[in-house]
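These notes concern the structure reproduced below.
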Amino acid sequence: MARLRSFTRFLLLGSALGISAPLEAAQVNGRITTGGYLSNENLELSADGTTRNDFATISNRFYLDVSEWGSPGFRAVLDLRDKHDFFDLLDKERLSLYGVNRLQLRQVALLYPNEHNGFFAGLGRFPVVEAGAVYADGALAGWRWNPALSSGLFGGFDPRRRDLSYLEFRSNAKVMGAYLLYQPKYRGFDTSLYVSNALVRQQFESETDRFFWYQQVVLQPDRRNRLTALSYLDFVPSLKVQNLHLDYHREFTEQFMADLGVSAIDVIEYLRRQDVRERLAPSPYREGRFRLTRQMAPTWSLLGETIQGKRMADGYWLNEFSAGVQASRFGGMDNLGAYGWIGYRHNFVSQDKFVRFGASSSSRSWEFGLDEKIALQNYDSGEVLTVFMTELSASRFLSRELFGTFSIEHALDQRVSILSGYLSVTYRFGNRAIPPLRDGAAPQGRL
């Protein structure tokens, strides 16, 4: 803890000294966000007599980005977050949960971005976007060979554990790596290219914890074709694809298009995506998706989709077939959209029939969304459940600087009832241009 406090004070002091310098010519962008999440879960009586599993947290965030600062064109970034979990740690003597507060320094860095040719560098705690989900408490140095090609080296302590969402100073963990980025300048709305490759080594207690090659590709040669790919190829302890996402979009005509997706995820990523009602243990997972879209009119489309997936830990399969309709202007109203789906799913250990439908509406200062899922699940064990999942969300824009969001979700079946809600308020400040508020509903484009 002493090392953490010293490290935090050093980085905050460096940031404060930098930002306290004259900022007349600098571009300042910042925001302050506060919000809370509450979940009330009522279960059927378990073996230990437990019928409740509640969760509550309050989060605050302060973000400041100062760019074009000073004659060399420095950039200073500070991202400070505070989270209080009310039911986080177990008091074994009282057999109860009590709250814990975590102050997290998500990012504090002094950067010399040098958007032109030549040397660039960074110092502090920062994410290395070109190398995937990697953070470093250390330094970055690189060279821009031309406006499209750049390479960099980075290294330092590793503040991120893959199984945790927050960062912490870890003197016994290190990270180092190199990347090569190719991104030609803007060539038009219909074409784009982004290719990033990185080799990263993560160590814990002098042992290699992970050694992987990261690659991200975004290729859009024309308006009708788009390919996106993201992969992590691990070399330790053996050669394997840890995570992979591949998506291809093809427009055959103005009315007919298709989407193909393939993904492979590990246990940690599976846990993050797992449905709140799923009782199976997390597992490595492979999935393929295919969707066809037929534009019937400028404002509505018919869709068909199939998903095939497999859990690698136990061999359980997911087979889903569904069809739906989407309307960008529902009922003749420009600011109202709606959708509806019906389908069948072999969901690992159950046979499900489901419907999904929802609507969204927007105006100059409000946005609303309503989503409903209803399913009849027949489990291999003989249990039959009727599932209702409802989500209502809203956003309110009070001004250019101040806006808030609200969301509430309710999941209900014969075993459990889960009611959760989220509320946040954000204030933006600075002299960097903020997009003006629209004077009407958001435009509804093609589906």
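Model, not experiment: these values are computed from the prediction. When reading the values below, keep in mind they use all heavy atoms of this one structure, side chains included, and skip hydrogens, waters and symmetry mates.
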For the student: nearest non-hydrogen atoms of S283 and M312, plus distance: OG-N, 3.3 Å

Side chains of R81 and S59, donor plus acceptor under 3.5 Å: no

pair L318-I307: side-chain heavy atoms closer than 4.5 Å: yes

Distance (rounded to the nearest 0.5 Å) between D79 CG and R31 CZ: 7.5 Å

Whether Y232 and F212 hold their rings parallel, tilted or perpendicular, with breakpoints at 30° and 60°: tilted

Check: Q377/D352 side-chain N/O donor and acceptor closer than 3.5 Å: yes

Euclidean distance, R61 CZ relative to D82 CG, rounded to 0.5 Å: 13.5 Å

F256 side chain near T293 side chain, heavy-atom distance below 4.5 Å: no

From CA spacing to verdict: side chain to side chain contact (heavy atoms under 4.5 Å, CB included), F204, K174: CA-CA 7 Å; F204 183 78; K174 298 179 181 179; over 6 Å; no

L153 side, atom CG; L199 side, atom CG - distance, nearest 0.5 Å: 11.0 Å

Any donor-acceptor pair under 3.5 Å from T386 side chain to L376 backbone: no

Step-by-step side chain to side chain contact (heavy atoms under 4.5 Å, CB included) determination, R345 to F354: CA-CA 8 Å; R345 179 194 304 118; F354 64 88; 3.7 Å; yes

Salt bridge flag under 4.0 Å for residues R161 and D163: yes

Under 3.5 Å donor-acceptor, N243 side chain and D266 backbone: yes

Minimum-distance pair of heavy atoms, taken over all atoms of Y379 and S350: CD2-CB, 3.7 Å

Plane angle bin for Y270 and Y285 - parallel if under 30°, tilted between 30 and 60°, otherwise perpendicular: perpendicular

E409 vs M389 side-chain heavy atoms within contact, under 4.5 Å: yes

Test applied, salt bridge (Lys or Arg N to Asp or Glu O under 4.0 Å); reference residue, D234; option that passes from R210, R201, K240: R210

Check: H249/T228 side-chain N/O donor and acceptor closer than 3.5 Å: no

Donor-acceptor side-chain pairing of R144 and N117 below 3.5 angstrom: no

Salt-bridge criterion met for E383 and R279 (N-O under 4.0 Å): yes

Nearest-0.5 Å distance, CD of residue E269 to NE2 of residue H245: 5.5 Å

Heavy-atom check, side chain of V134 versus side chain of F154, under 4.5 Å: yes

Under 3.5 Å side-chain donor-acceptor pair for N197 and W213: yes

Between W145 and S151, a side-chain donor and acceptor under 3.5 Å: yes

Side-chain donor-acceptor contact under 3.5 Å, Q295 with S301: yes

S395 and T405: side chain donor to acceptor below 3.5 Å: no

Verdict with supporting geometry, R277 and D413, side chain to side chain contact (heavy atoms under 4.5 Å, CB included): CA-CA 9 Å; R277 297 177 56 256; D413 63 25; 2.6 Å; yes

F126 vs Y135 side-chain heavy atoms within contact, under 4.5 Å: no

Smallest separation among heavy atoms of Y37 and Y422, with atom names: CD1-CB, 4.2 Å

N/O donor-acceptor pair under 3.5 Å between E367 side chain and R396 backbone: no

Within 6.0 angstrom of F62 CZ, more than 12 heavy atoms from elsewhere: yes

Residue pair D247, R289: steps toward the salt bridge (Lys or Arg N to Asp or Glu O under 4.0 Å) verdict: CA-CA 9 Å; D247 293 281; R289 305 172 303 279; 3.0 Å; yes

Residue pair Q216 / S196, side-chain donor-acceptor N/O under 3.5 Å: no

Non-hydrogen atoms of R170 and D158 that approach each other most closely: NE-O, 3.0 Å

Pairwise side-chain contact, Y179 with L140, heavy-atom cut-off 4.5 Å (strictly under): yes

Between Y248 and N225, a side-chain donor and acceptor under 3.5 Å: yes

Main-chain N/O of F368 paired to S360 side chain as donor or acceptor, under 3.5 Å: no

Pair Q351, N378: side-chain N/O donor-acceptor within cut-off below 3.5 Å: no

Side chains of W341 and E305 in contact at under 4.5 Å (non-hydrogen atoms): yes

Pairwise distance CG(L167) to CZ(R160) - rounded to 0.5 angstrom: 7.5 Å

Non-hydrogen atoms of V241 and R286 that approach each other most closely: O-NH2, 4.3 Å

Interatomic spacing from CZ in F252 to CZ in R294 - rounded to 0.5 Å: 13.0 Å

D65/S67 under side chain to side chain contact (heavy atoms under 4.5 Å, CB included): CA gap, chis, key distance, verdict: CA-CA 6 Å; D65 185 343; S67 59; 4.3 Å; yes

Any side-chain donor near an acceptor of the partner, E391 and S393, under 3.5 Å: no

Cation over ring face, R356 and Y339, 6.0 Å, 45°: no

Pair R102 + D85, salt bridge at N-O below 4.0 Å: yes

pair R273-I265: side-chain heavy atoms closer than 4.5 Å: yes

Check ion pair E115-R75 (N to O, under 4.0 angstrom): no

Flag for T426-T33: side-chain donor and acceptor within less than 3.5 Å: yes

Nearest heavy atoms of A281 and Q274, plus distance in Å: C-NE2, 4.4 Å

Check: N60/T34 side-chain N/O donor and acceptor closer than 3.5 Å: yes

Geometric cation-pi criterion R311 and F348, 6.0 Å radius, 45° cone: yes

